[in-house]
Asker: 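Supplied in structure tokens, the structure appears directly below.
These numbers come from a predicted model, not from an experiment.
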Amino acid sequence: MQKTLNFPRYDALLNTDVCDARNNAELTLTLRLGFRQINPAGTAAEGTYHDYGDATAPTRKIIRWTPSAWASWKHNFVRSAQAFWNGKFWLINHLGYFGYRAGRQIFLPNIWCRFVLQGSDANIGSHHHTIDVVRLHPSENWFGSHSTLYDSLDTNSVRKGTDSHGQPIMQRAHVHEVGHLLGLGHVAIGQPGCPANGNTNASACYGTNDHDQYSVMGEGMQLRPEHAQPWIDAMRQFAATEPPSTVYTIPAPTITQLPQRMLDMMFPFTAVMRRHYPRTPAELEARQMITSRH
Amino acid sequence: MDPHQANAMTTLSLFAHARALTAALACFGAAAIVTASGSTAHASPPASKKDSKAMTTSKPCPKGNLERSQCMIRLLLDDVAKTYDGSGGGGISAIRALNTTTFAVSLPQEGRIDVLTYEFELHPDGRVAIKSRTPSTQNVGPGTGK
């Protein structure tokens, strides 16, 4: 089965054709970005542009995009952001969805989370998001960018904060931004200083301790299982809309299994950051995690 | 000077590139704050982060409104250098007087502007002291910021 669901933020393709005794189902989220150049006015080679595109904010010097610089920037953005997010998570399939036979054995797949980032000029094709991009003058090292306005340095690793030991916390802004485009919020939302119903852009939302600050959705570059939420959301939709497997249905729970089963029904897919192999029904029902299979 | 004259100089804006910010925070002696009226107030000598004595939260100031506002701005610049960890941002984009004893410092970051609002108190002996520092955030752009 290869089935696509279209979400506002991305497209999701579930592929179970690849499943066998060792290979899980694959869920690929595809994000289509349309990039649009911001150039100096008229035909000028150099000019200025306001931080955040806000006429009341300071201006920075910008230079005209050349075809080669534009192509190179887009290629670097897409390649590096895709590599960062692709293939980093596996979803444990607690309820045995999408069972299949491999030989005489029934297997129940886990889900490998893949990511495809497609970037093209905004005037070509359709996109989930359109992003304006300024090319900074070599004398500039910072620009006030936001979720739909980037600059040519956003793919560089820059210092975003300092940890409790005085060490710099580095981040490449575009991978953080792709997290937002996938629907992820800042790391510390819901914690003191960053109420979920308040300004989730406040500095406290980027983390107030080392662990949070080093998260990619804080000021750092670390991926965590919670960053698999977009794939989990998509899988819940697939599980809800696809017909049940013809080869396996998880047995009704015993009384002692009931609390765990209720949890599994609330969270049918949970993320890990290490490959977990497909399971047999006995392994799944025993809640065994198979991280090696010979 | 009539206090109302000081209020007339309500907006002090410093548009600085990131490099200028680094220079400003590391070496205030080279920095200058240009007021809306065009006058220039030179900031105090460098304040090392390791030199706690240099990080005063109060200082004696002459009684003129210009001198007092200079004192307050020097105090807040010292405090920003000591307490603000916006390592990756664009520096100070504005210092604005909200009233006679309150200034707001804008520090642009990607996707947001951090705003530190400083309230000062004037002591009878002529000292000016930081009474409070209140951080807040100004959103920029659509939706969730960077």
Asker: For chain B, find which of A/Gly53, A/Ser203, A/Gly179, A/Gly144 contributes the most heavy-atom pairs closer than 4.5 angstrom.
Answerer: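 Top option by heavy-atom pairs under 4.5 Å: A/Ser203.
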Asker: Is it true that A/Ser164 and A/Asp210 share a donor-acceptor pair across their side chains at a distance under 3.5 Å?
Answerer: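 The criterion, which ignores hydrogens and geometry beyond distance, is satisfied for A/Ser164 and A/Asp210.
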Asker: In terms of heavy-atom pairs under 4.5 Å, which option from A/Leu181, A/Val158, A/Thr162 contacts chain B the most?
Answerer: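 Of the options given, most contacts go to A/Thr162.
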Asker: Please say whether the positively charged group of B/Arg112, taken as NZ for Lys or CZ for Arg, lies over the ring of A/Tyr206, i.e. under 6.0 angstrom from the six-membered ring centre and within 45 degrees of the axis.
Answerer: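 Yes, B/Arg112 lies over the aromatic ring of A/Tyr206.
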Asker: So, does A/His227 use its side chain to make a donor-acceptor pair with the main chain of A/Arg224 at under 3.5 Å?
Answerer: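 Such a contact is found between A/His227 side chain and A/Arg224 backbone.
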Asker: Pick whichever of A/Pro168, A/Ala204, A/Ala202 has the most heavy-atom pairs under 4.5 Å with chain B.
Answerer: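 With the most close heavy-atom pairs to chain B, the winner is A/Ala202.
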Asker: Establish, from distance only, whether the side-chain atoms of B/Asn139 and A/His146 form a donor-acceptor pair under 3.5 Å.
Answerer: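 Note: B/Asn139 and A/His146 side chains miss the donor-acceptor criterion.
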